[in-house]
Student: 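Just passing along the structure, written as structure tokens.
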Protein chains: 2
Amino acid sequence: MDSFADRTKRRLRDELLDAAYDAIVAGGYDGLRMNDVARRTGVSRQTVYNEFGDKWGVLQAVVVRETERFLLDVNAALAEQSDPIDGLRVAVERALTLAGDNPLVKAALSQPGSDQASQLLTTRGQQVLEVSHQRLDAHVREHWPEIPPEDATSCVDVALRVVLSHIVTPGPPPAAVAAQLARVLTPFLSSYRRQV
Amino acid sequence: MDSFADRTKRRLRDELLDAAYDAIVAGGYDGLRMNDVARRTGVSRQTVYNEFGDKWGVLQAVVVRETERFLLDVNAALAEQSDPIDGLRVAVERALTLAGDNPLVKAALSQPGSDQASQLLTTRGQQVLEVSHQRLDAHVREHWPEIPPEDATSCVDVALRVVLSHIVTPGPPPAAVAAQLARVLTPFLSSYRRQV
DNA sequence: ATCATCTGTCCGGCCTCTTGACATTTGAGG
DNA sequence: CCTCAAATGTCAAGAGGCCGGACAGATGAT
């Protein structure tokens, strides 16, 4: 069920992703060399292809893992609030702040030779959206079961897309964006408020 | 040189030894089951045989690893003293104290069904002696180069055997044994003292 | 135009782990 | 004393994954 081989497999994947992450942060997507990833992990180049298919697969896997870690942090911020509106505001602010400091986001958006990488947040952003949506949705349903699933999903979707847009195209500071979004969505969520 | 496969191999060995260690501490040598070690590590029974040869090999490997860890601690105590006699006393006391608290030593000496295990400290103790001697000798030569190698070796050998004897057959408390040994060997080492 | 570098693919060989079977030993219980 | 169950130790066949080398194609620099 959880054999040594399974754990080894996961570890291999994880170490490969570590190496790839470092390479991308250092030199953007174009600076990512399959051979470097392999050598730095102490494995053959072929093994990297076996694991991820191609270079694009490596980038996707790095981004998915990073997204999941990112969401853990955002969900933790969500969990600290009992009122849904407060949660929304805090989570949005946290997400935007985190993104601004995230080395991988910086590399994807501002490194020369990362046009392809940035597409994972825009035209090819389904994966990031899906992973994020799934995690946020599950969390919201668990913490605010009184909100109808459909309403929760709608809110998550709206907020998520607005946040992603602000990551790709920064505007006002995080707190301002969070306040704005909270204000706009408050009427929609007013019946579920938990005033302290 | 340090491929992923190498690291995995070391990790496998280490996890097997962890499982074996726990089993021995819990149930003595007789309570050690090859099948349990394998299953607990998530590996087949055959793999355990491939790695250690037989059950006796497992025990030996566990003891060698534990000895090396033990010596790291003792050598750290040695390193804190500038005077060789002080080092001797402090190291002896530390070794006896550590041994008294060590779960594996307890299991080997007092668990029912560990007669064979206890032999690794007595009639079949060459391995433990050699490993310990090697580590201590190297450490002494590095820290007190002014002591002739032959004298250093002799002192290490005498002290080591006395300490091992006191572990197997406890007598006075650690501090008393340490003081006694230091007093006896002081004349032999007097010319190398570094009085503070 | 040429050369070097990188991606992506294929394949044969090798090594390790797995699986199942088997003989042998040992201890407990009828 | 005999039997059964459990554990050790050995063997061989099979599978899976990694390695190493080779190759074609694309790309960019000189």
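Proteins get letters first, then strands, A, B, ... in listed order; numbering begins at 1 in each. Any value given below was found using the heavy atoms of this structure, including those in side chains, with hydrogens, waters and symmetry copies removed.
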Student: Measure OH/A:Y49 against C1'/D:dG17 and give the value in whole Å, please.
Tutor: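 Whole-Å distance recorded here is 18 Å.
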Student: Between A:D83 and A:R193, is there a side-chain N and carboxylate O pair less than 4.0 Å apart?
Tutor: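 Looking at A:D83 and A:R193, the cut-off is met.
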Student: Is any NZ, NE, NH1 or NH2 atom of the basic residue among A:R94 and A:E80 found under 4.0 Å from an Asp or Glu carboxylate oxygen of the other?
Tutor: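 No, this pair does not count.
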Student: Give the rounded distance in Å between these two atoms: NZ of A:K9 and P of C:dC17.
Tutor: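 A:K9 atom NZ is separated from C:dC17 atom P by 16 Å.
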Student: Tell me the interatomic distance from A:N35, atom CG, to D:dC19, atom C1', rounded to whole angstroms.
Tutor: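 Going from CG in A:N35 over to C1' in D:dC19 covers 13 Å.
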Student: Salt bridge check: are B:D36 and B:R39 linked by an N-O gap of less than 4.0 Å?
Tutor: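 B:R39 and B:D36: not salt-bridged.
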Student: For the residue pair A:D115 and A:Y29, confirm or rule out a side-chain donor-acceptor distance under 3.5 Å.
Tutor: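 No pair is found: no donor N or O on one side chain lies under 3.5 Å from an acceptor on the other.
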Student: Does B:R135 come within less than 4.0 Å of B:E130, counting only side-chain N to carboxylate O?
Tutor: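 B:E130 and B:R135: not salt-bridged.
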Student: Tell me: CG of B:D54 to P of D:dT8, nearest whole Å?
Tutor: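 Roughly 11 Å, once rounded to whole Å.
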Student: Give the residues of residues 11-21 of chain B touching DNA chain D, defined as any heavy atom closer than 4.0 Å, sorted by residue number.
Tutor: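 Listed by number, there are none.
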Student: Find the distance B:R33:CZ to D:dA6:C1' and express it as a whole number of Å.
Tutor: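 Result: 8 Å.
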Student: Provide, to the nearest angstrom, the distance between the OH atom belonging to B:Y29 and the C1' atom belonging to C:dT26.
Tutor: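 About 14 Å, once rounded to whole Å.
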Student: For B:S154 and B:E150, indicate whether the former's side chain and the latter's backbone hold a donor-acceptor pair under 3.5 Å.
Tutor: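 Here the side-chain-to-backbone pair exists.
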Student: Between B:N102 and B:E66, is there a side-chain donor-acceptor contact under 3.5 Å, judged purely by atom types and distance?
Tutor: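 Note: B:E66 and B:N102 side chains meet the donor-acceptor criterion.
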Student: What is the separation between atom CH2 on B:W56 and atom C1' on D:dA7, rounded to the nearest whole Å?
Tutor: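 The answer, rounded to whole Å, is 18 Å.
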Student: What string of B, S and - do you get for nucleotides 18-23 of chain C, 5' to 3', when a contact is any protein heavy atom under 4.0 Å?
Tutor: BB-B--
Student: Would you check if there is a donor-acceptor pair between the side chains of A:R141 and A:T153 at a distance under 3.5 Å?
Tutor: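 Result is yes, a qualifying pair exists.
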Student: Hey, are A:D14 and A:R65 close enough for a salt bridge, meaning a charged N less than 4.0 Å from a carboxylate O?
Tutor: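 Yes.
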Student: Answer yes or no: is there an ion pair linking B:K9 with B:D6, defined by an N-O contact shorter than 4.0 Å?
Tutor: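 Between B:D6 and B:K9 there is no salt bridge, as every charged N stays at least 4.0 Å from the carboxylate O atoms.
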Student: Do A:R10 and A:E15 meet the salt-bridge criterion of a basic N to acidic O distance under 4.0 Å?
Tutor: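 The answer is no: the pair does not qualify as a salt bridge.
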Student: For nucleotides 24-30 of chain D, just jot down a letter per nucleotide in 5' to 3' order: B, S or -, based on protein non-hydrogen atoms under 4.0 Å.
Tutor: -------
Student: Just the rounded figure in Å: distance from C1' of D:dT8 to CG of B:L32.
Tutor: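 The answer, rounded to whole Å, is 11 Å.
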